[in-house]
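In what follows, a single structure is set out as structure tokens and then discussed.
Just so we're clear, the structure is a prediction, and the values are computed from it rather than from any experiment. FYI, side chains are in, hydrogens and waters are out, and symmetry mates aren't considered; it's all heavy atoms of this structure. Nothing fancy with the numbering, it's 1 onward along the sequence.
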Amino acid sequence: QVQLVESGGGLVQAGGSLRLSCVASGRTLSSYTMGWFRQAPEKEREFVAAVSWSSGRTAYADSVKGRFTISRDNNQSTVYLQMNSLKPEDTGVYYCAADINPLIYKSSGHYDYWGQGTQVTVSS
């Protein structure tokens with residue numbers, strides 16, 4: 001089992017920044033892929049970004065490319081999502097997820113473990 005705990009959400013004005021953190025525990029993540037997803041009210045959960053723990057390879061949704069950066073801290077077993085130039089359409093609950101497969105998939109169905117989510121609200 002892997003436990004994931006997100007933090008760092010909040011209310012920010014458009015153009016501002018937030019950094020989300022996801023602390024993982026329970027298993028070694030060396031072969032995992034870690035992802036961030038988000039879900040806005042009345043919308044489906046969507047892929048935001050992911051990083052392969054072993055290779056460091058990353059992937060992003062087109063809507064966040066150039067604004068968001070995903071990174072990992074091996075020593076702290078933590079994944080970060082730095083979000084800059086935030087827009088109102090970035091509003092939603094952000095979830096951290098872990099996939100035991102080291103390849104990056106953008107479908108939520110591939111991910112095996114999920115955190116409880118953290119709310120991000122961007123005001124206009």
- request: To the nearest 0.5 angstrom, please state how far the OG1 atom of T78 sits from the CG atom of L4.
  value: 10.5 Å
- prompt: Which is it for L18 and V122 under the side-chain contact (heavy atoms from CB on, under 4.5 Å) test, yes or no, and what are the steps along the way?
  reply: CA-CA 10 Å; L18 283 174; V122 184; over 6 Å; no
- line: Sequence neighbours excluded, the answer for ring pair (Phe, Tyr, Trp, His ring centres under 6.0 Å) partners of Y113 is none
Non-neighbouring partners of K43 that pass salt bridge (Lys or Arg N to Asp or Glu O under 4.0 Å), sequence neighbours left out: none
- request: Write out all pairs satisfying disulfide (SG to SG under 2.5 Å) with one or both partners inside residues 53-92, taking only residues at least two apart or from two chains.
  value: none
- prompt: What pair of heavy atoms forms the shortest contact from N84 to S17, and how long is it?
  reply: OD1-OG, 2.9 Å
query: So, E6 side chain and T118 main chain: donor-acceptor pair closer than 3.5 Å or not?
result: no
- request: Sorted by first residue and then second, give each side chain to side chain donor-acceptor pair (under 3.5 Å) pair with at least one member in residues 85-95; sequence neighbours left out.
  value: R38-D90, R38-Y94, R67-D90
task: For residues S124 and A14, report the shortest heavy-atom separation together with the two atoms involved.
output: CA-CB, 4.4 Å
- request: Apply the test side-chain contact (heavy atoms from CB on, under 4.5 Å) to residues L81 and V48: give CA-CA distance (whole Å), side-chain angles for both, the deciding distance (0.1 Å), then the verdict.
  value: CA-CA 9 Å; L81 185 68; V48 175; 4.1 Å; yes
statement: Quick note, disulfide (SG to SG under 2.5 Å) partners involving residues 73-103, not counting sequence neighbours, are C22-C96
- line: For W36 and S21, the nearest pair of non-hydrogen atoms, with its separation, is CH2-O, 3.7 Å
query: With F37, which residues qualify under ring pair (Phe, Tyr, Trp, His ring centres under 6.0 Å), at least two apart?
result: F47, Y111, W114
message: Please report the interatomic distance OH(Y60) to CD1(I70), rounded to the nearest 0.5 Å.
response: 6.5 Å
field: Pairwise distance NZ(K106) to OG1(T33) - rounded to 0.5 angstrom
entry: 13.0 Å
